[in-house]
Protein chains: 2
Amino acid sequence: MFQKVLIAEDFQGDNKSIVDTLKSELNIAEIQEEYYCDKAFNRLKAALNNQEAYDLLITDLSFKENHIPQKLTSGVALIDAARKVQPDLRIIVNSMEENSVKIKSLFDTYHINAYVCKGRQSLDELVKAMHEIGNGNTYLSPQIDLNTAKNVFELDELDLFILKNLAEGLSKKEIRYKLKKEDLRPNSESAIDKRVSNLFAEFGAKNSTELVAKLIREGLI
Amino acid sequence: MFQKVLIAEDFQGDNKSIVDTLKSELNIAEIQEEYYCDKAFNRLKAALNNQEAYDLLITDLSFKENHIPQKLTSGVALIDAARKVQPDLRIIVNSMEENSVKIKSLFDTYHINAYVCKGRQSLDELVKAMHEIGNGNTYLSPQIDLNTAKNVFELDELDLFILKNLAEGLSKKEIRYKLKKEDLRPNSESAIDKRVSNLFAEFGAKNSTELVAKLIREGLI
DNA sequence: CAATGCCTTACAGATATCTGTAAGGCATTG
DNA sequence: CAATGCCTTACAGATATCTGTAAGGCATTG
């Protein structure tokens with residue numbers, strides 16, 4: 001089914017259990033694990049250059065930072081880099097993320113082959129996902145409902161700029177000056193007011209505090 | 001070192017890797033794993049009643065909820081319940097939590113014996129923690145610095161009430177009425193203003209939006 | 001029981017937030 | 001090139017937020 005599998009996962013427990021499960025449940029010639037995105041990507045590239053490309057990447061989304069600075073700091077960055085050098089690589093994402101909007105974008109943007117949500121059955125699901133991919137299908141953890149991810153409101157650069165500064169306690173006047181200083185437009189207070197009011201309607205918030213609270217909880221800012 | 005060990009961990013990968021590691025690295029007569037706090041607690045109680053008490057509990061802090069309703073919904077609830085029936089039980093917490101305030105309170109309030117933070121070495125750390133506990137010591141993951149947890153500002157019931165309602169977009173006037181309705185005191189707008197102003201100073205926030213944003217990010221509300 | 005400190009409350013004033021209206025700019029369309 | 005829609009901007013007015021002051025209540029202390 002799969003000859004060479006690469007695993008990118010920073011937690012030792014998850015990493016070890018994935019390796020062990022693959023070894024015992026599936027017949028794979030070569031399994032290699034990495035704890036950092038950069039190392040995983042280098043290994044992927046090297047294999048590709050030596051005509052020994054991996055045919056499956058299993059990766060987490062979030063990787064803990066530490067004193068060693070990394071170029072690729074997240075699973076998304078790794079997937080993006082991997083897709084560029086090896087478009088036909090099959091990819092399984094194995095993460096705690098439950099936000100259907102974010103998961104949907106992984107399928108839409110990067111055409112991942114499976115999403116396995118970490119949980120009480122995630123190792124079993126991982127094996128299942130690999131069988132599905134082997135049969136040419138995709139796999140998605142059953143508790144994730146991508147239908148709720150429809151009609152997503154896209155926060156553009158200006159929205160994010162305003163929201164992040166609101167969350168840092170800046171007034172709209174201060175945000176206005178900051179926008180001007182960075183030559184971003186529009187930058188009138190009216191425009192900021194309008195943006196924020198539209199976001200109130202979009203996210204069902206009554207004021208800035210509730211808006212910022214909701215967006216932080218949804219992981220959008 | 002340990003005769004009977006109970007593991008409470010909802011993620012299959014973590015659960016399996018802990019069991020495997022303990023089996024291969026340490027000489028333990030009986031290892032039992034559970035995926036739900038309620039089940040773990042029942043097993044603990046039953047063993048105690050049969051004079052076959054566990055001498056070590058390894059537990060996660062956060063447990064995913066699903067359709068099966070649980071009495072104990074978190075590791076803290078499990079630890080609290082366990083301590084009440086078996087005060088001398090040794091406890092290792094193995095979690096992603098990095099907030100030193102919360103970790104400190106586990107040592108202070110529940111006298112846990114070790115805190116292992118999930119990460120790139122957490123299985124090795126877990127083994128190390130067990131040796132330390134065997135020698136009568138405690139263990140704490142080196143990346144956690146409990147000194148930063150000193151002089152913590154305690155949010156009381158009223159603070160939390162105000163903050164939660166602010167995060168839901170209520171105005172101070174609305175919060176005031178709500179306090180009156182629930183017969184909570186103080187409930188003047190002035191008192192609410194004062195509370196919030198003190199929290200600004202305490203958490204270094206310039207206004208309500210920043211305050212709520214900070215506290216949500218710190219996991220306090 | 002007077003003095004003290006701390007909390008609550010009321011009130012005032014300066015800003016900030018939020019909504020709504022109206023005018024002008026710009027790109028698109030027929 | 002007139003008409004249209006959409007965005008930006010300015011402005012106004014109603015509220016809400018935030019700070020500061022002052023008075024009163026209450027428990028504690030000597």
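Reminder, nothing fancy here: chain letters follow the sequence lines and each chain counts from 1. Just so we're clear, the structure is a prediction, and the values are computed from it rather than from any experiment.
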Inset, instruction - Could you pull out the closest heavy-atom pair between Ala129(A) and Ala114(A), with the gap in Å? - result: CB-CB, 3.9 Å

Inset, instruction - Answer yes or no for Lys71(B) and Phe41(B): cation-pi contact, defined as NZ/CZ to six-membered ring centre under 6.0 Å and angle to ring axis within 45°. - result: no

Inset, instruction - Check the surroundings of atom NZ in Lys39(A): do more than 12 heavy atoms from other residues, nucleotides or ligands lie under 6.0 Å from it? - result: no

Inset, instruction - Under the salt bridge (Lys or Arg N to Asp or Glu O under 4.0 Å) rule, what do Lys118(B) and Asp60(B) come out as? Steps first, then yes or no, please. - result: CA-CA 10 Å; Lys118(B) 286 184 187 178; Asp60(B) 193 3; 3.4 Å; yes

Legend entry - Residue whose nearest DNA chain C nucleotide is more 5′ - Lys194(A) or Glu189(A): Glu189(A)

Legend entry - Ranges pairing with ranges for DNA chain C, where each run has three or more Watson-Crick or G-U pairs under 3.5 Å: C:1-30 with D:1-30

Legend entry - Distance-only polar pair, side chains of Asp124(B) and Gln12(A), donor-acceptor under 3.5 Å: yes

Legend entry - Distance, nearest 0.5 Å, that separates NZ of Lys64(A) from OG1 of Thr73(A): 15.5 Å

Inset, instruction - Mind running a 4.0 Å heavy-atom check of residues 204-211 of chain A against DNA chain C and sending the residues that fall below it, in number order? - result: Asn207(A), Ser208(A)

Legend entry - Residue Glu157(A) excluded, over 12 heavy atoms near CD under 6.0 Å: no

Inset, instruction - For Lys128(B), look at atom NZ and say whether over 12 heavy atoms of other residues, nucleotides or ligands are found less than 6.0 Å away. - result: no

Inset, instruction - Just grab all the side-chain hydrogen bond (donor to acceptor under 3.5 Å, both in side chains) pairs involving residues 204-213 of chain A, residues at least two apart or on different chains. - result: Thr209(A)-Thr209(B)

Legend entry - Flag if over 12 foreign heavy atoms under 6.0 Å of CD, Gln143(A): yes

Please tabulate, for the side chains in residues 77-86 of chain B, all donor-acceptor contacts under 3.5 angstrom to protein atoms that are two or more places apart in sequence or on a different chain.
from	atom 1	to	atom 2	distance (Å)
Asp80(B)	OD2	Lys84(B)	NZ	3.2
Arg83(B)	NE	Tyr110(B)	O	2.7
Arg83(B)	NH1	Pro87(B)	O	3.2
Arg83(B)	NH1	Leu89(B)	O	2.7
Arg83(B)	NH2	Leu89(B)	O	3.1
Arg83(B)	NH2	Tyr110(B)	O	3.4
Arg83(B)	NH2	His111(B)	O	3.0
Gln86(B)	NE2	Tyr54(B)	O	2.7

Inset, instruction - Using heavy atoms and a sub-4.0 Å distance, could you list which residues of residues 164-177 of chain B are near DNA chain D? By number, please. - result: Ser171(B), Lys172(B), Lys173(B)

Inset, instruction - Name the first nucleotide and the last nucleotide along DNA chain C (5' to 3') that come under 4.0 Å of a heavy atom in chain A. - result: dA16(C) to dT21(C)

Legend entry - Check: Tyr36(B)/Asn66(B) side-chain N/O donor and acceptor closer than 3.5 Å: yes

